Amino acid sequence: MTKLLEIKDLHVAIDGKEILKGVNLTMRSGEVHALMGPNGSGKSTLSYAIAGHPNYEVTSGEVLLDGQDILELEADERAKAGLFLAFQYPTSIPGVTVANFLRHAVTNVRNPGRKEGEDLVPMRDFRKELRAEMDELGMDPDFARRYLNEGFSGGEKKRAEVLQLAMLRPAFAILDETDSGLDIDAVRVVSEGVNKVAAKVGTGVLVITHYQRILTYIKPQFVHILYGGKIVEDGGPELVDTLEREGYDWVRAKYPNDAKAEDALSV
Amino acid sequence: MSSATTINAPPNSASVGGFSETAFEAFLATRDEPAWLIERRRQAFAKFQATPWPTARDEEWRRTDIRGLKLDTFGPPILSEPSPADRVAAAPTIDALAAHYATGIAHINASLSQKADASKLGGAVLLDLASAIKLHPELIKKHLLTDPATVEADALSALHAAFWTGGTLLYVPKGVKVEAPLYSLICLAGQGHVDLDHTLVILDEGAEATLVRESTSRGRDDSPAFHAGGIELFVGAGAKLQFVNIQNWDEQTWHFSRERAYVSQNAEIQWTVGGLGSRLAKVNQDVALMGEKANAQVNGVLFTTGKQHLAYFTRQDHIAPHTTSDLLYKGGLKDRSRIVWKGMIKVEKDAQRTNAYQKDDNLVLSNQARADSIPGLEIEANDVRCTHGATAGRVDEEMIFYAQARGVDRATAIRLIVEGFFANVYDRITLEPVRETLRLAVADKLGRR
């Protein structure tokens with residue numbers, strides 16, 4: 001069943017400062033989109049706003065998941081509706097094991113109507129499934145007993161994000177700079193993990209990056225350039241090559257007004 | 001049930017008179033005790049009379065207001081066979097302890113209600129103190145309340161030393177290693193409202209043992225209760241003691257406790273404290289590292305709700321060289337409750353190569369709750385390593401958001417984060433049932449509205 005994620009004229013501010021100035025983007029299940037843009041162009045703001053971080057104020061616009069406006073939902077309700085954000089900087093939660101955390105997450109996401117205090121998914125089934133997913137991602141079984149993101153290396157954190165993605169099987173996943181801080185082997189492993197999940201459950205993927213290298217593993221059909229708080233270019237994979245070759249100078253030249261906004265954001 | 005009420009025992013102390021001279025003499029008359037002990041009690045009573053009642057002007061009582069405690073409404077415990085209703089009330093706690101530990105001893109309303117099963121003691125002696133005085137007089141005489149620091153610290157410690165009633169001796173002879181953990185329960189039930197128990201643990205050279213002590217209120221009415229207790233732990237050369245003390249009084253109970261461990265050379269203590277109950281608690285928990293290479297690990301789990309006030313004062317006294325101590329306290333606070341922790345690492349001049357650590361972290365879960373966390377160092381030696389730290393903070397919103405972004409609702413996210421906050425102290429506790437008891441108690445208090 002094809003699902004639809006629509007971002008319509010989204011304006012987002014942090015501490016009263018407008019960062020996103022009317023973003024439009026539509027994705028369907030099974031599609032891979034790449035969102036590129038220089039540092040400070042608003043890429044992470046977009047991902048946090050969609051995920052529902054309370055510090056990101058949506059001043060106007062809509063985000064629709066299969067026609068339902070999700071902007072009024074709490075972050076956990078958005079996750080239950082099928083959204084997933086792989087964090088650029090995953091938060092550590094000391095004392096909470098990867099397995100315990102994920103068991104709660106999986107229980108809630110798979111039974112969205114569940115009330116607090118009702119049973120968690122059965123331990124045996126959960127363990128078996130977790131073990132299998134970890135195996136696929138080349139993770140040591142001991143990893144499940146470690147405290148979530150506590151003392152993880154950069155690569156371990158990103159792998160843990162993809163492990164969660166695999167367990168939660170979302171309709172749409174936003175990968176926020178999942179390649180940053182990883183060596184090339186880790187980028188490959190993490191990308192293969194994403195591709196497997198996408199192939200298995202038809203997840204629509206939005207890859208946020210400012211490097212082209214992750215996109216050689218997760219191949220986008222659609223590429224968007226976010227510049228000065230707006231998506232200024234939509235295209236196919238060829239856009240990635242253009243950016244790789246020419247950088248953002250041509251974007252700057254082509255969109256002088258947005259370049260001013262971009263400069264203001266970068267301050 | 002009304003039938004249960006009618007067979008309830010009356011309050012276990014005279015309701016008027018307090019701890020007066022008349023009450024003291026009447027109390028002594030009921031005690032069948034040797035002259036040395038009577039004399040010790042008399043000296044302590046004189047000290048009690050001579051010591052002013054604590055006020056906010058005393059450093060340790062600045063933040064801990066006990067003006068609401070009406071001492072005159074309590075008196076020395078009157079010993080009697082626990083009533084059937086009180087036994088029924090205490091049964092769930094005793095059953096839980098008995099399910100996890102080899103055997104143990106229980107007191108209800110200051111009176112002995114259960115003796116230990118001697119066949120399960122693994123060579124240890126576990127007795128109520130009254131019997132112990134008859135059976136092991138020299139041992140008791142040598143160790144019980146002989147330290148002025150314990151007896152004369154303040155009016156409440158002197159009151160305890162004069163009037164202590166009930167309590168437990170654990171004695172482990174030289175070289176005996178007791179594998180299975182033992183327990184001691186101190187319970188106030190029904191109309192019981194006074195307990196003045198004393199715990200005395202003596203491990204001879206090379207001995208090993210684990211004792212879990214729990215104090216709790218079961219099926220009590222909502223009248224105030226008063227507990228002034230004492231704990232003395234003697235860990236002989238090369239001995240290993242694991243001592244757990246879970247305080248779970250109801251929120252009508254005033255709780256005072258003076259506790260000190262004496263750790264000899266090459267000996268080890270792991271001492272875990274659970275501070276969960278009571279209306280107001282004022283506890284002094286000290287470890288004294290008396291011999292070279294003595295080692296102490298101290299763990300604290302405190303959780304307060306409602307208007308509870310828990311004040312814990314810890315000392316790590318390094319007296320001999322090459323001694324180590326490691327203290328980790330964790331507190332969680334809800335509602336309008338308050339936790340005061342004040343720690344002191346004291347390194348004597350001779351205690352070179354001391355390695356001491358103290359840390360107290362608090363998680364404040366409401367705007368009206370307050371944690372005061374005050375570490376302290378006093379170092380007279382010059383070749384030592386001492387570190388300390390204290391924190392008080394709120395639940396991190398970024399952690400909550402991260403969990404919510406994975407479908408976990410806010411309330412559950414907070415519960416997970418709070419449980420996780422205590423995990424590094426649980427991780428130090430080697431007894432699984434103790435970890436579980438503390439975890440469940442914290443979860444229960446966290447979920448309580």
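Model, not experiment: these values are computed from the prediction. Below, read A as the first sequence line, B as the second, and so on, with proteins coming before strands; counting in each chain starts at 1.
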_Please determine whether ring pair (Phe, Tyr, Trp, His ring centres under 6.0 Å) holds for the pair Phe401(B) and Phe87(A), giving the CA-CA distance in whole Å, both sets of side-chain angles, and the decisive distance to 0.1 Å._
CA-CA 11 Å; Phe401(B) 172 66; Phe87(A) 285 63; 5.7 Å; yes
*First locate atom CG of Asp76(A), then atom OG1 of Thr412(B), and finally report the distance between them rounded to the nearest 0.5 Å.*
8.5 Å
_Please output the residues of residues 303-316 of chain B in contact with chain A, using a heavy-atom cutoff of under 4.5 Å, in numerical order._
none
_Neighbour count above 12 (heavy atom, 6.0 Å) for Glu72(A) CD_ = no
*Calculate, to the nearest 0.5 Å, the distance between atoms CD1 and CD1 belonging to Ile93(A) and Ile400(B) respectively.*
9.5 Å
_Testing the basics here: between Ala75(A) and Ala405(B), what is the closest heavy-atom pair and its distance to 0.1 Å?_
CB-N, 4.3 Å
*Pick one of side chain, backbone, both or neither for Leu102(A), based on which atoms fall under 4.5 Å of a heavy atom in chain B.*
neither
*Could you pull out the closest heavy-atom pair between Gly95(A) and Ala423(B), with the gap in Å?*
CA-CB, 3.5 Å
*Under 4.5 Å heavy-atom distance to chain B, tell me which part of Thr97(A) shows up: side chain, backbone, both or neither.*
neither
*Once you round to the nearest 0.5 Å, how far does CG of Asp427(B) lie from OH of Tyr147(A)?*
3.0 Å
*For Tyr402(B) and Asn149(A), which heavy atoms make the closest approach, and how far apart are they?*
OH-ND2, 3.4 Å
_Apply side chain to side chain contact (heavy atoms under 4.5 Å, CB included) to residues Asn55(A) and Glu398(B) and explain how you reach the verdict._
CA-CA 10 Å; Asn55(A) 292 358; Glu398(B) 293 304 320; 4.3 Å; yes
_Tell me whether Arg336(B) at atom CZ has more than 12 heavy atoms from other residues, nucleotides or ligands lying less than 6.0 Å away._
no
_Working note: Glu77(A) + Gln404(B), criterion side chain to side chain contact (heavy atoms under 4.5 Å, CB included); need CA distance, chi angles, decisive distance, verdict._
CA-CA 8 Å; Glu77(A) 292 165 328; Gln404(B) 282 192 288; over 6 Å; no
*Within residues 106-115 of chain A, which positions have a heavy-atom distance to chain B below 4.5 Å?*
Asn108(A), Val109(A)
*Take atom CD in Glu179(B); do more than 12 heavy atoms of anything else shown fall under 6.0 Å from it?*
no
*asked:* Tell me if the CZ atom of Arg124(A) is crowded by more than 12 foreign heavy atoms within 6.0 Å.
replied: no
*At a heavy-atom separation under 4.5 Å, does Phe421(B) approach chain A through its side chain, its backbone, both, or neither?*
backbone
*Relative to chain A, which segment of Ala413(B) carries a heavy atom at a distance below 4.5 Å: side chain, backbone, both, or neither?*
neither
*If you draw a 6.0 Å radius around CG in Asp95(B), do more than 12 non-hydrogen atoms from other residues or ligands fall strictly inside?*
yes
*Between Leu416(B) and His104(A), what is the shortest heavy-atom contact and its length?*
CD2-CE1, 3.6 Å
_Show the nearest heavy-atom pair for residues Ala79(A) and Gly407(B), with the distance to one decimal._
CB-N, 3.3 Å
_Most chain A-contacting option - heavy-atom pairs closer than 4.5 Å, from Glu419(B), Arg410(B), Met399(B)_ = Met399(B)
_Is it the case that atom NZ in Lys240(B) sees more than 12 heavy atoms from other parts of the structure closer than 6.0 Å?_
no
*asked:* Is it true that, when you exclude Lys3(A) itself, more than 12 heavy atoms of the residues, nucleotides or ligands shown sit nearer than 6.0 Å to its NZ?
replied: no
*Has the side chain of Arg406(B) got a donor or acceptor atom that lies under 3.5 Å from a matching backbone atom of Leu85(A)?*
yes
_I'd like to know which of Ala105(A), Pro170(A), Ala81(A) tops the heavy-atom pair count under 4.5 Å against chain B._
Ala105(A)
*asked:* For Phe126(A), I'd like to know if atom CZ has over 12 heavy atoms of other residues, nucleotides or ligands within 6.0 Å.
replied: yes
